[in-house]
Amino acid sequence: MSMSEPLLLQIVNQHIPAGATVVTIDKPIQHPAVYAADLTGDGMPEISAVYQLNSELYLLILKFVQGHWIKMALTKGLGYGVTLLTAAPVTSTARNNLIVGWQIGAIWSKLAVYEWTESGLTDIAPDDLYYSYAEIVDIPGVHGRDGKVEIALWIHDTGEAYRVEIIRWQQNQWVPATDVYRAYFPKVVEYYEQLTKQYPDYVFYWYYLADAQFHAGSYSAALTSVQKALRFPEAYPSRENLLELENKIKQATTATAGTHARVTTWLYPVSVRTTSGTRWGYMDAQGHIRLEPVLEEAQAFQPNGLAVVVKNGRAGVINLQGQYVVQPVYDSINSFSEERAMAIDSQGFKMINEQGTVLTKRAYPFIADMHEGRAMFYDNNPNQTNGSPSLYGYLDASGNEVIRAQFASANDFQQGKAVVQIKDQEYALIDRNGNRLATYPYAFVGPLGNGLLAFQKESSGKYGYIDERGNIRIQPKFTSAFAFNDGQAIVNTAEDYKSNYGVINMQGSFVIQPAYNDIRELGENRYALGKAIDAEQPYIGSLYAIAELNGRILTEFIYRNVENYKHGLASASDGNQTYLLDLSGRPAPGYPRVTGAGSMEVVAPDLIKVFVDQRLSYVNRAGKVIWQQNTIVPLQPPYQVREEKYKPNRDYLVYYPQVDGLANQTEQGKLNAKLKELSQVKPVPADQQLDYTYTGDFDITFYQKQLLQLQLTGYNYPAGAAHGMPTMVYAIINLTDGQLYELKDLFKPDSDYVKVLSQIVGDQIKNDPQYSYVFPDTYTGISADQPFFVTADALHLYFNPYDIAPYAAGFPTFTIPFSQIMSIINTEGSFWKAFHL
């Protein structure tokens, strides 16, 4: 809703007859049958409400015209109650349809889908469209989401069994939305899996499980379930129906066994450690590599069947066949949103479509993701008007500046409106065309949430909430305040560095008392409430419990991390293990536990993506490993690099290399001990709470002949710090004798390599614009033991963060081709010979 519920109710009560009462909807929580949404496409919300008068139901639509609410439509309702009242784009992406569930029985409702036409409000739903539960959502199909919703109808059969149908409005008629079955039916599968575990002797649950697995594309599992149903003495719905379903499953299995299956198979990113570093490719749900691991980065495929990848340092986009739809020419590419993505190159941000066409007329310093057909951007402000170095505006889906850059700051659009900052002490609410709907004379105004906006009167003052017209609805009394969602908002009342988070309702009353170090919205009517691990050092982190929206705590405070709920499941970790929680907040039955800290995600009916202890793997529902990254990298025989893991404490994790195959075992032992030392493998207390976290890893960055180069990286993050400190060390090894090379080993003993290299680096800083970030007068030359690494044709010298440049510059690196310094290289030395002879 774009306005608060009490305000909506107040307006509606002023326009209904005497003696009439607004109907109450009971689920998921009790709330009045009022809703605000744009039904006419003019960018302004109308108010819809259902009221009862003399045992009859009426649907009322109010429209705001010239400062007053007037009756736009009034129609008689059905049944005796309302189970659903919402709005969503059903017939067109340009405007919403009003969707009403008229209750006609204890578990039955009649669905109505109203469209505003020149002749008034018209119900386009069939007269016989009955259901028990409905879900209105834009479900991704083969080509992703199309901006219009599908309607999933759960139709009661027997017991707790429901037949699920998904429909959409297409070409002026209702049609089955079979293309989204694979995206939606996994949640149906989960529903019936729980029922078959609870009632294993009820044949009808096995039938519906098999049917759901079939629609989800899990043909092997579906065949097992339907054959289980066929073994019952009494068939359901009938033996003929079960045999028909079994035959359909077998036909589908055969049809997808050939080339077509390879074309339409969904793919999942995998990483492989190689002699050229970690490389990425893609596997199918069975763990078979479909796209070879030759990429430097491979992101997950998005609902539109496209994935961002990096090859040779450049980002592009591929389809499920591995073909480039956007050539790898960009520095980076954001994820697609509403069929648009922001691609970044040396010129700046550009908007592209799913075919890779650049839509913007020029590059911008920044473009945000597309929301509701608008993408916020900012441009440089040459005149520093409004006291801001940048001015914000909005692009449309064609890349045009539909709202010119003019604001000091801006937010994404929500339900056709956005909050922008005009100047100091002045914010405004605008529509999608940039028209000002309201002005707020405050130091800060946050984004919309349920018709309310967080605000500060003065920049150092407390936070409260105003409505869209600027009226103060909740007085400023919080030290921080977040946007409302589902009628509730998270706020903080602490006056010092500690936190006292709680949750308020739209009247400003606490539904969860302010007593927590952290509170997270998890979705699906759940919060994670966090208590400080150390009350005197709250910045170290929290232990979380799962709670309902009303604050009822469902679990102990045992989780160190909890992800958002999705289809009734949320990933959680207690620091020792990672697993999936159900809505009770406890480990979900039928899903595995994995040792280590991280996250899990169900990505296919029998495939779970696991990212635990900084490593990616995939397991099935039984916990069997489908794929995991290799821990041994073969070199030329007899050599190999072996990955070892050191995790003495939940906050300390190092992956370090060990080299095998050296002829002299004593030298190999010395080398591997040094590699452990360089990797920060050291005594760390097991049960003590550290005031920092440390992660270390390695990669093979160069391997040629007898020279092996290992990059050892680390990241130390002090609790509560703005950022951690990265480290990077190169171990450059001669595999013949295990020698670790220093910079001096590359040069002739009598050469003044420090002076020569210092001069070259100094010239690059002075003459190459890419090094403009170097602090003035900080570079005084390199040291004799300057950090370095090599490639086939060049020497690379680097500095640590803050040495000569700001933290954001990372490790400033200077490349010197060997051809430029051949006169001082010791070509007869073992270092040079190790990778040239």
Sequence neighbours left out, what passes side-chain contact (heavy atoms from CB on, under 4.5 Å) with [X]? Give chain and number order.
{"X": "D431", "result": "N433, N435, L437"}
{"X": "A341", "result": "I333, F336, I352"}
{"X": "L583", "result": "E524, R526, Y565"}

Are any side-chain N or O atoms of [X] and backbone N or O atoms of [Y], one a donor and one an acceptor, separated by less than 3.5 Å?
{"X": "T196", "Y": "W206", "result": "no"}
{"X": "H215", "Y": "S218", "result": "no"}
{"X": "N550", "Y": "V511", "result": "no"}
{"X": "R432", "Y": "F413", "result": "no"}
{"X": "D38", "Y": "T40", "result": "yes"}
{"X": "N97", "Y": "T91", "result": "yes"}
{"X": "Q103", "Y": "G105", "result": "yes"}

So, for [X] and [Y], which heavy atoms are closest and what is the spacing to 0.1 Å?
{"X": "S337", "Y": "M370", "result": "OG-O, 2.6 Å"}
{"X": "M351", "Y": "A375", "result": "CE-CB, 4.1 Å"}
{"X": "M506", "Y": "I474", "result": "O-CD1, 3.9 Å"}
{"X": "R473", "Y": "P6", "result": "NH2-CB, 3.9 Å"}
{"X": "W102", "Y": "G77", "result": "CH2-CA, 3.5 Å"}
{"X": "A183", "Y": "I139", "result": "CB-CG2, 3.7 Å"}

- Item | Sole residue of Y440, Y442, F484 in ring-ring contact (aromatic ring centres under 6.0 Å, His included) with Y465 |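 Exactly one candidate clears the test, F484.
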
If you round to the nearest 0.5 Å, how far is [atom2] of [Y] from [atom1] of [X]?
{"X": "N353", "Y": "E339", "atom1": "CG", "atom2": "CD", "answer": "8.5 Å"}
{"X": "T117", "Y": "E115", "atom1": "OG1", "atom2": "CD", "answer": "7.0 Å"}
{"X": "T555", "Y": "I546", "atom1": "OG1", "atom2": "CD1", "answer": "5.0 Å"}
{"X": "L549", "Y": "I512", "atom1": "CG", "atom2": "CD1", "answer": "7.5 Å"}
{"X": "D123", "Y": "I99", "atom1": "CG", "atom2": "CD1", "answer": "11.0 Å"}
{"X": "Y191", "Y": "L195", "atom1": "OH", "atom2": "CG", "answer": "5.0 Å"}

- D157 vs Y207, side chain to side chain donor-acceptor pair (under 3.5 Å): CA-CA, chis, key distance, verdict: CA-CA 12 Å; D157 183 0; Y207 164 72; over 6 Å; no

- Task: For side chain to side chain contact (heavy atoms under 4.5 Å, CB included), just list the numbers for I490 and Y516, CA-CA rounded to whole Å, side-chain angles, deciding distance to a tenth of an Å, and then say yes or no.
- Result: CA-CA 11 Å; I490 298 171; Y516 299 98; over 6 Å; no

Measure the shortest side-chain to side-chain distance between [X] and [Y] over non-hydrogen atoms and say whether it is less than 4.5 angstrom.
{"X": "L209", "Y": "E193", "answer": "yes"}
{"X": "I47", "Y": "H15", "answer": "no"}
{"X": "Q194", "Y": "D582", "answer": "no"}
{"X": "S109", "Y": "Y130", "answer": "no"}
{"X": "E244", "Y": "N241", "answer": "yes"}
{"X": "E521", "Y": "Q488", "answer": "no"}
{"X": "L522", "Y": "N564", "answer": "yes"}
{"X": "Q415", "Y": "P45", "answer": "no"}

- Applying side chain to side chain contact (heavy atoms under 4.5 Å, CB included), run through Y35 and I25 and close with a yes or a no. CA-CA 12 Å; Y35 198 89; I25 300 175; over 6 Å; no

Which pairs of donor and acceptor atoms, one on a side chain in residues 50-65, lie under 3.5 Å apart (sequence neighbours left out)?
unit_1, atom_1, unit_2, atom_2, d
E56, OE1, K76, NZ, 3.4
K63, NZ, D42, OD2, 2.7
K63, NZ, E46, OE2, 2.7

- Test log, rule side chain to side chain contact (heavy atoms under 4.5 Å, CB included), inputs L395 and R340: CA-CA 11 Å; L395 305 174; R340 300 293 183 266; over 6 Å; no

Donor-acceptor pairs are to be reported for all side-chain atoms of residues 160-168 against protein atoms at under 3.5 Å, with residues two or more places apart or in another chain.
unit_1, atom_1, unit_2, atom_2, d
R163, NE, E165, OE2, 3.0
R163, NH2, E165, OE2, 3.3
R168, NE, E150, OE2, 3.1
R168, NH1, D179, OD1, 2.9
R168, NH2, E150, OE2, 2.9
R168, NH2, D179, OD1, 3.1
R168, NH2, D179, OD2, 3.3

- Query: Can you list the steps and then say if S409 with Q421 is a side chain to side chain donor-acceptor pair (under 3.5 Å)?
  - Reply: CA-CA 5 Å; S409 66; Q421 183 182 10; 3.0 Å; yes

- Listed by chain and number, what are the ring-ring contact (aromatic ring centres under 6.0 Å, His included) partners of W169, not counting sequence neighbours?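 With sequence neighbours excluded, W169 shows a ring-ring contact (aromatic ring centres under 6.0 Å, His included) to W174, given in chain and number order.
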
- Query: In terms of heavy-atom contacts, does NZ of K187 have more than 12 from other residues, nucleotides or ligands at under 6.0 Å?
  - Reply: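 It does: K187 NZ has more than 12 such atoms within range.
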
- Message: Students often mix this up, so state it plainly: with edges at 30° and 60°, are the rings of F204 and Y202 parallel, tilted or perpendicular?
- Response: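 Ring orientation of F204 relative to Y202: tilted.
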
- Task: For I403 and Y392, run side chain to side chain contact (heavy atoms under 4.5 Å, CB included): C-alpha distance rounded to whole Å, both residues' side-chain angles, the deciding distance at 0.1 Å, then the answer.
- Result: CA-CA 9 Å; I403 303 175; Y392 291 74; over 6 Å; no

- Message: Using the side chain to side chain contact (heavy atoms under 4.5 Å, CB included) definition, which of the options I519, V562, L554, V503 pairs with L529?
- Response: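 Checked I519, V562, L554, V503 against L529; only one passes side chain to side chain contact (heavy atoms under 4.5 Å, CB included): I519.
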
- Task: Tell me whether the centres of the aromatic rings in F455 and Y427 are closer together than 6.0 Å.
- Result: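 No - the distance between ring centres of F455 and Y427 does not fall below the 6.0 Å cut-off.
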
